[in-house]
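These numbers come from the heavy atoms of this one structure, side chains and all, not from hydrogens, waters or symmetry mates. Quick note: residue numbers are just sequence positions, from 1. Note that ligands are numbered from 1 as they come in the structure, with each ligand's atoms numbered from 1 the same way. For clarity, every value in this text was computed on a predicted model and none was experimentally measured.
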Amino acid sequence: MKTAMITGVNGQDGSYLADLLISKGYYVVGLKRRTSSINTGRVDHIYDNPISNSQFKMHYYDLSDGAAIVHLLDKYQPNEFYNIAAQSHVAVSFDVPEYTSDGIAQGTLKILEAIRTVSPATRYYQASSSEMYGDSDDYDQHGYTETSRMMPVSPYAVAKLHAHHMTRVYRNAYELHASSGILFNHESPRRGETFVTRKITMAAAKIKAGLQNKLLLGNLDSKRDWGFAGDYVEAMWLMLQQNTPDDYVIATNRTHTVREFLEVVFDYAGLGDYNKYVEIDSRLFRPNEVPYLLGNPAKAKQVLSWQPKYDMPALARMMFDSDYAPFVK
Ligand code: NAP
Ligand code: GDD
């Protein structure tokens, strides 16, 4: 039985990845930081099922703890390691830049160094981000590729770029099997409630249920390439099954404004014009914005045979249905 270790296992991607790997017969060691309130809602179903429970073990771990990761790697010698944990909210990274950077940049380095030292055969996945492109203009009509110039515009993105390059350095210098997935925005019913898509689908569900009448939002004009998280964790796994480690763009190759996402959700919910409910709040604008993201996943399609199954409208409908389900009598 293969063993996989996942940081941030109780986050959106960590939980879908744990589901996927357990379904493939892996023993999954999930790493989670200690919080004062229990926040295992996204993985509780794994514990509740006796079969998946027997393939799952949780340990406490924080990205700041270099000694802990050495002990965990030494103990389990996992076949695969997925570094998913991060302070992942771009706007928040302007409020807590040092904390965000320490976890993502130095935390990644601590893990890579621990793998090199005590478990060099472990295959490593780095959660890189399309946010790293920032306001770069180095794209064509097909979008950004793995080699497009990156011009990050947030503390989060600068830290992710540091981790991205460090992964490449460890791959080349020490011949680690270390790959980075440059993932464009991906969402799901498990998406954190303060990211814009989930904020919109939750608000639409509550408005339809008569429990809310206003939705405060910031910039509606930025464009994102939105896919489904369940599709994207398959790409992570596929990267670590290749003989050669590499970097891959994972995206749908379609881009939409936040406004278009709103229109799809409010239309599908039968609420009509979103302008009746949405107010623009200047506090929700960021000091710097990434205006446009479109990813070209041609390499992932060719090498990994990976393709997304959901486009933005299908994703938006899935998320709304999930958020509205508790209100259906
Ligand atoms: P998420 O839902 O916010 O999950 C992040 C996870 O990291 C949570 O389990 C969180 O724990 C944990 N974490 C945060 N700080 C930590 C620390 N100091 N030590 C240990 N664990 C810590 O994020 P996601 O959407 O699943 O994204 C997964 C990864 O992909 C992140 O690295 C993100 O930056 C990156 N990414 C995401 C997207 C996207 O669109 N979703 C796109 C590109 C890249 P708590 O639950 O306790 O906060
Ligand atoms: N969160 C949020 N809340 N965003 C808003 C709001 C709001 O009320 N109003 C407008 N937006 C706009 C943001 O300014 C941004 O342009 C867009 O909606 C998307 O914001 P988020 O959903 O917060 O995602 P993100 O693109 O900043 O970052 C996500 O994707 C990155 C990959 O490109 C995160 O998942 C990152 O972790 C990930 O790396």
Closest protein heavy atom to [atom], given as residue, atom name and distance to 0.1 Å:
atom                    : answer
atom 21 (N) of ligand 1 : A85 CB, 3.5 Å
atom 29 (C) of ligand 2 : N185 ND2, 3.5 Å
atom 14 (O) of ligand 2 : E289 OE2, 2.6 Å
atom 7 (C) of ligand 2  : K199 NZ, 3.8 Å
atom 23 (O) of ligand 2 : R286 NH2, 2.8 Å
atom 10 (C) of ligand 2 : N219 O, 3.2 Å
atom 22 (O) of ligand 2 : V196 N, 2.9 Å
atom 47 (O) of ligand 1 : R33 NE, 2.9 Å
atom 19 (N) of ligand 1 : L63 N, 3.0 Å
atom 40 (O) of ligand 1 : H186 N, 2.9 Å
atom 25 (O) of ligand 1 : R191 NH1, 3.3 Å

Test side chain to side chain donor-acceptor pair (under 3.5 Å) applied to N296 and T145, step by step: CA-CA 5 Å; N296 180 349; T145 70; over 6 Å; no
Which ligand 1 atoms does [X] reach within 4.0 Å, using its non-hydrogen atoms?
X    : answer
A86  : 5 (C), 7 (O), 13 (N), 14 (C), 15 (N), 31 (C), 32 (O), 34 (O)
S128 : 43 (C), 44 (C)
Y61  : 20 (C)
T35  : 47 (O)
Y99  : 15 (N), 18 (N)
Y156 : 33 (C), 34 (O), 35 (C), 36 (N), 44 (C)
N185 : 40 (O)
A127 : 29 (C), 30 (O), 32 (O)

Do any heavy atoms of [X] fall under 4.0 Å from ligand 2?
X    : value
Y156 : yes
R191 : yes
H89  : yes

Do [X] and [Y] make a side-chain contact, defined as non-hydrogen atoms from C-beta onward lying under 4.5 Å apart?
X    : Y    : value
R224 : F184 : no
I6   : L21  : yes
H164 : D247 : yes
Y133 : M151 : no

What atoms of ligand 2 come within less than 4.0 Å of a heavy atom belonging to S130?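 That gives atoms 32 (C), 33 (O) of ligand 2.
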Quick one: which ligand 2 atoms are inside 4.0 Å of a heavy atom on S88?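 Near S88, the atoms of ligand 2 are 34 (C), 36 (C), 37 (O).
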Touching ligand 1 at all, K160? Heavy atoms, strictly under 4.0 Å?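 Yes.
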List the atom of [X], the atom of [Y], and the distance in Å for their closest heavy-atom pair.
X    : Y    : value
K276 : K214 : O-NZ, 3.6 Å
T252 : P308 : CA-CG, 4.0 Å
L73  : V118 : CB-CG2, 3.7 Å

Establish, from distance only, whether the side-chain atoms of T35 and S37 form a donor-acceptor pair under 3.5 Å.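 No, no side-chain donor-acceptor pair sits under 3.5 Å.
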No-hydrogen, no-angle side-chain donor-acceptor test under 3.5 Å, T122 and E80: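 No, because no side-chain N or O of T122 sits under 3.5 Å from a partner of the opposite role on E80.
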Is the backbone N or O of F285 less than 3.5 Å from a side-chain atom of E289, with the two atoms forming a donor-acceptor pair by type?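 Checked: no pair found.
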Among V258, L284, N288, whose heavy atom sits nearest atom 18 (O) of ligand 2?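 Comparing heavy atoms across V258, L284, N288, the nearest one to atom 18 (O) of ligand 2 lies in V258.
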Return yes or no for this condition: an N or O of G218 is under 3.5 Å from an N or O of ligand 2.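 So ligand 2 has an N or O lying under 3.5 Å from an N or O of G218.
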Ligand 2 and T197, any nitrogen or oxygen pair closer than 3.5 angstrom?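 In this structure, T197 places no N or O atom under 3.5 Å from an N or O of ligand 2.
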Taking non-hydrogen atoms only, is [X] closer than 4.0 angstrom to ligand 2 via side chain, backbone, both or neither?
X    : value
T194 : backbone
K160 : neither
S222 : side chain

Is it true that, when you exclude L211 itself, more than 12 heavy atoms of the residues, nucleotides or ligands shown sit nearer than 6.0 Å to its CG?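 Counting neighbours around CG of L211, more than 12 heavy atoms of other residues, nucleotides or ligands fall under 6.0 Å, so yes.
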Say whether G11, considering both its backbone and side-chain N or O atoms, lies within less than 3.5 Å of an N or O atom on ligand 1.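 So ligand 1 has an N or O lying under 3.5 Å from an N or O of G11.
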Is the closest N or O pair between N39 and ligand 1 shorter than 3.5 Å?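 Yes, there is a polar N/O contact under 3.5 Å.
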Same apolar cluster: V290 and V92, side chain cutoff 4.5 Å: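 No.
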Are I111 and I104 co-members of a hydrophobic cluster defined by side-chain heavy atoms under 4.5 Å apart?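 Cluster IDs for I104 and I111 differ.
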Tell me whether [X] is salt-bridged to [Y], with the criterion being a basic N under 4.0 Å from an acidic carboxylate O.
X    : Y    : answer
E113 : R116 : yes
R190 : D19  : yes
E131 : R286 : no

Structural part of H89 in contact with ligand 1, heavy atom criterion under 4.0 angstrom: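 It is neither part, as no heavy atom is under 4.0 Å.
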Give me the ring orientation class for Y232 and W306: parallel if the planes are under 30° apart, tilted from 30 to 60°, perpendicular past 60°.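 Perpendicular, since the angle between the ring planes exceeds 60°.
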Could you check I200 against V258 for side chain to side chain contact (heavy atoms under 4.5 Å, CB included), going step by step and ending with a plain yes or no? CA-CA 10 Å; I200 291 169; V258 174; 4.2 Å; yes
